[in-house]
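As structure tokens, the structure follows; a few thoughts come after it.
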Amino acid sequence: MELLLQTLLNGLLMAGVYALVATGLALSLGVVGIVNFAHGEFLMLGAFLSYLLFAFRGLDPLFALGLAFLAAFLVGALTYWGLIRPVLKAPELNQMLLTFGLSILLQNLALLLFGADTRVVAPPYQAATLALGPFFLGAVPLGAFLLSLALLLSLQLFLTRSRLGLAVRAVAQNRLAPGLLGIEAEGVYLLAFGLAAALAGVAGVMLSVMLYASPSVGFLFTLKSFAIVALAGLGNLKGVVPAALVLALAEALVSTYLPGGGGLVEAVFFLVLFLALVGRAWRGA
Amino acid sequence: MRKALGLLVFALGLALAQTPLKVGVILPLSGASAVAGKAALNGIQLAADEVNAQGRVRLELVVVDDGTDPAKAVPAFTKLMTVDRVDLVIGGLASGVTFALSGPVKQYGPLFLCIGAASSVVEQAFEGYPLFFHYHPWDYHNVAAALQFFQSLAKDHGAKKVAILYEDGPFGSAGIGVYKQQLERLGYQVQAEPYKAGSGQFTPILTRFRAFAPDILYWIGYDVDALPIATQTRQVGLRPKLIYGAPPSWPIGFEKNPLSNDVAGMTAWLPTVPNAESRRFVDAYRKKYGELTEEYMAPMGYTIVKSLALALERAGSADKNRIAEALAGLRMNTPFGPLAFKPSDTGRTKYQGFGPEIWFQFQYLEGSRRPVFPKDKAARPLRYPGEYYLR
Amino acid sequence: MRGILGLLLLFALLPFLPLGAWGAFLLDVGLFILLFTALALSWDLVARTGQLSLAHGAFFGLGAYGAGLMVPHLGTLPALLLGSLLAGAGALLLGSVTLRLHGLYFAIASLAFSEVLRTMALKLPFTGGPIGLPVPPPFGGGWPLASYYLAFAVLLLAVALSLWAERSSFRLAQAATRQSEAVARVLGVRVVRVKLLSLLLGSLVAGLAGGVYAMKALFLNPYEAFSLGRAVEALVIPIFGGLYSTLGPLLGGVVLVGLEQALRLWIQEGYLVVYGALLILAILFLPRGLLGLLGGRRG
């Protein structure tokens with residue numbers, strides 16, 4: 001029982017970061033309608049920013065959080081303005097190839113600048129742990145979870161309460177209507193794409209503390225985020241958190257209870273996803 | 001007469017010094033093994049500079065990138081053979097790529113100086129090829145070296161239980177069966193769990209290990225896993241007496257992280273090893289590149305070029321068979337210790353450079369890596385039990 | 001059509017062209033161009049029904065492993081055939097459960113499918129697991145040009161299938177399915193069959209390409225054989241060259257795979273930065289791929 005609860009806790013904490021990365025992806029997909037293969041590179045940006053500030057300025061990654069949010073927002077907005085906007089009306093496959101090219105470019109630029117080495121930061125609280133009775137909670141994963149939650153909640157508030165947020169949602173629901181309502185769709189796209197990148201940038205800082213910074217740090221999380229977004233229903237922002245939860249819990253349970261489960265985590269993750277997609281298609285049709 | 005002969009040799013030497021010998025270098029400069037590949041290339045270029053500056057022989061390097069991918073490595077190798085027309089190739093770092101190269105190598109027949117490719121599958125692929133010089137130890141040598149350490153841990157420190165985390169790619173899983181068996185033969189209780197490298201999620205597995213209460217947490221994986229394992233071990237309240245890892249390289253900045261303290265690992269070389277050749281290498285490396293390297297592939301590349309230059313000088317000819325002959329009889333000191341070629345333990349290949357003796361164990365102590373085992377290489381005693389408690 | 005024939009003729013004669021010192025190198029590059037172009041064509045064949053497949057890496061891997069495991073027992077050609085059939089079986093399995101999924105949903109489902117298959121290749125007892133599987137060269141290695149012409153044959157097959165699909169009534173069925181399944185149904189197109197058949201044909205070709213690749217690479221491991229990178233390459237080439245056509249992927253394959261090899265030789269460090277930039281520029285300025293350059297007859 002204790003083990004089960006601990007396992008569920010582990011899964012829950014992981015789900016927070018997954019949801020943060022996936023929400024960004026869902027934003028660009030749901031609002032702008034772009035499948036962004038370069039999402040992981042925004043995450044990498046955050047991770048490297050955190051590393052560089054730590055290594056050369058001695059700054060705690062906590063400071064990097066805000067900076068990464070801004071920097072990634074800026075890069076995201078620039079990406080939208082320079083690259084995405086010209087292909088908004090192009091076929092979906094063209095957009096995908098464009099973001100794929102961007103992903104290759106950014107990743108290899110990072111390789112040129114920093115090399116493929118794995119880099120780590122060392123804030124004093126890195127391994128700090130809260131012991132609640134028999135349960136252990138890593139302070140950083142818990143913090144990352146809470147911050148993810150807070151960010152997602154404020155995003156939710158922004159989308160439902162503010163005028164600008166309502167405009168974003170309007171665009172997400174119908175790409176024709178906003179024009180009729182006098183909303184500048186382009187500005188909304190820019191905002192949504194920037195926000196998506198900013199969320200990834202923040203997640204990157206978190207990962208630099210929990211894991212490492214390297215040009216390839218974004219890959220695995222982006223792959224899983226695609227899975228989460230698909231499970232949630234493409235572009236469906238509300239479904240992202242439950243979907244992240246389902247997949248993270250499945251992972252934690254498998255790797256705790258199945259002998260040799262650590263090697264099967266990926267397979268189970270994708271099997272769950274596969275079955276869910278297929279099941280929904282058959283029910284829905 | 002002797003004088004004339006001496007003059008002749010001198011003239012020959014001069015001729016050699018003037019016409020440079022083209023040497024092909026095929027390394028992963030992009031793709032998964034790029035870190036090690038670039039380190040190796042730095043070492044190779046440094047040695048070539050030194051050799052050319054001495055002026056007894058001249059080497060001209062032709063470098064190509066194998067991309068850590070057979071589909072890129074095979075054409076690149078063919079180019080070395082047919083366009084650049086080299087008779088001599090240094091390369092073969094990643095095992096899978098080296099295996100793919102075994103076909104074209106046999107087709108074109110160059111002298112192949114192999115820098116990495118520890119998997120013994122590669123040894124089978126090159127079985128019977130007469131011009132294959134393998135410098136790096138084979139995987140069974142690595143296993144032997146680690147087991148020696150485990151034997152000492154059991155005997156001198158009373159360790160009884162090992163929990164193994166191994167990544168489920170070729171690197172981590174190749175020797176796992178043998179490892180388990182051998183550790184059990186040494187009297188250990190063993191639990192082994194696979195994981196996916198880079199995922200950073202060890203909490204569930206480590207939580208499960210808690211019931212097993214291992215003395216040693218042994219991880220066979222990559223640099224990306226170092227920090228997550230060090231933090232999550234503490235976070236789940238696992239209390240191993242030693243965290244021991246065997247990644248090909250370690251993260252940059254890990255030594256400055258207090259969480260690395262007391263973590264132990266295996267390597268073939270550290271910039272601090274007290275060996276005259278190594279010191280010379282470190283000084284020269286710093287002078288040329290302005291920084292230090294921690295990657296053992298750098299001195300490995302350096303060693304290969306140095307040995308090649310010496311063999312070339314002794315052979316007095318640019319003929320690959322004569323060079324191979326000279327190389328086979330060579331004895332020299334390297335940053336790793338003495339080098340001499342002998343048939344491999346399995347008898348499959350004829351020229352094996354280094355063996356288990358170059359491996360040693362180190363521990364992160366006070367912000368740097370210090371050799372702790374075997375005794376003749378130890379700079380410090382092993383801290384056992386290590387302190388991996390919450391702070 | 002003339003372009004296609006010209007390119008094919010060039011490949012057929014490549015081993016006999018007086019290319020001097022570069023001959024052997026170009027032949028090796030040519031072989032991988034042939035294989036990846038065939039893979040790209042097989043992807044395009046599926047894409048013409050509107051299905052965005054990320055499972056082509058898996059078909060490639062199934063073909064590679066199937067052929068690799070069977071070569072020592074059956075000989076080269078039967079092994080290739082078996083590998084291809086294995087890929088086909090995988091496609092039928094995938095297709096029959098996912099035929100109601102569209103676009104990105106299908107893409108993600110097919111991605112999940114290949115991740116699961118890769119794990120199976122890692123865990124099954126007879127695949128060599130993570131250590132990998134050595135594969136002998138075709139026909140015992142006796143004939144150096146064997147693998148090249150096998151690759152050429154795979155491309156020929158891919159081109160033939162693609163031309164057939166382009167020129168028969170199948171083209172209309174595919175196009176209708178791609179544009180709107182509902183409308184296609186009304187028009188009397190048996191959507192399910194069209195999608196399944198396209199996927200099957202595509203997977204057979206991808207499987208063959210994988211088999212020949214195995215015999216050239218001489219060694220397989222699950223991470224490489226089932227790599228996502230391969231699946232993405234299969235989709236990048238047709239988009240770059242020009243979608244839903246035979247000439248497009250063909251041109252795309254020759255240019256893109258060749259370009260990557262060339263960039264790697266000349267630029268070396270950081271060549272992928274240039275590669276990525278070229279992809280971006282291509283999309284921005286050649287929205288219809290290389291075919292657009294040729295003064296777009298049919299899109």
Side-chain angles (χ1 to χ4, degrees), chain B residues 27 29-32 34 37-38 41 62-85 94-108 119-122 124-125 139 166-177 194 196-197, chain C residues 19-33 35-36 115 118-119 122-123 128-138 141 144 147 213-225 227 229-230 233 257-258 260-273 275:
Chain B
L27 288 169
L29 304 177
S30 59
K38 281 186 186 153
L41 183 60
V62 186
V63 181
V64 293
D65 173 15
D66 73 26
T68 329
D69 176 3
K72 293 174 185 146
V74 171
F77 182 84
T78 305
K79 183 205 158 249
L80 281 180
M81 292 292 113
T82 58
V83 179
D84 306 308
R85 304 191 152 274
S95 291
V97 169
T98 312
F99 201 107
L101 289 181
S102 70
V105 165
K106 286 175 186 163
Q107 187 186 339
Y108 294 104
S119 169
S120 39
V121 195
V122 173
Q124 290 166 35
D139 51 12
Y166 62 99
E167 68 97 19
D168 69 351
F171 180 76
S173 323
I176 190 68
K196 164 109 177 149
Chain C
L19 298 165
W22 290 89
F25 167 72
L26 287 174
L27 210 60
D28 266 344
V29 173
L31 184 145
F32 289 108
I33 291 183
L35 289 180
F36 296 146
E115 290 290 313
R118 195 195 54 214
T119 309
L122 266 174
K123 304 286 169 192
I131 299 168
L133 179 73
V135 181
S147 44
Y213 175 86
M215 293 177 192
K216 178 70 182 179
L218 304 179
F219 191 71
L220 293 173
N221 78 60
Y223 282 95
E224 211 167 77
S227 84
R230 194 94 58 214
E233 191 166 10
V257 181
E260 202 198 336
Q261 297 275 5
L263 285 176
R264 197 161 44 81
L265 276 182
W266 309 138
I267 303 186
Q268 297 206 345
E269 207 171 340
Y271 75 97
L272 283 169
V273 176
Y275 182 84

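Convention: sequence-line order gives letters A, B, ...; per-chain numbering from 1. Note that this is a predicted model, so its numbers are computed, not measured.
- Rounding to the nearest 0.5 Å places CD1 of C/I131 at 8.0 Å from OG of B/S120.
- Neither the backbone nor the side chain of B/Y166 comes within contact range of chain C, judged by heavy atoms closer than 4.5 Å.
- Looking at heavy atoms from C-beta onward, C/K123 lies in side-chain contact with B/D168 at the 4.5 angstrom threshold.
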Could you tabulate the donor-acceptor pairs under 3.5 Å formed by side-chain atoms of residues 19-28 of chain C, not counting sequence neighbours?
residue : atom : partner : partner atom : Å
C/D28   : OD1  : C/K216  : NZ           : 2.9
C/D28   : OD2  : B/T78   : OG1          : 2.2

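- For C/F219, the ring-ring contact (aromatic ring centres under 6.0 Å, His included) partners are B/F99, not counting sequence neighbours.
- When all heavy atoms of C/E224 and B/T68 are compared, the closest pair comes out as OE2-O, 4.4 Å.
- Of the atoms belonging to B/V121, it is side-chain heavy atoms, and not backbone ones, that fall under 4.5 Å from chain C.
- With a 4.5 Å cut-off on non-hydrogen atoms, B/T82 touches chain C through its backbone and its side chain both.
- Shown here for C/R264 and B/K72, the closest heavy-atom pair between the two residues is NH2-O, 3.3 Å.
- Interface residue B/K38: only side-chain heavy atoms are found under 4.5 Å from chain C.
- For the atom pair CG (B/D65) and CG (C/L263), the distance works out to 12.0 Å, reported to the nearest 0.5 Å.
- Contacts of C/P137 with chain B are absent, with no heavy-atom separation under 4.5 Å from either backbone or side chain.
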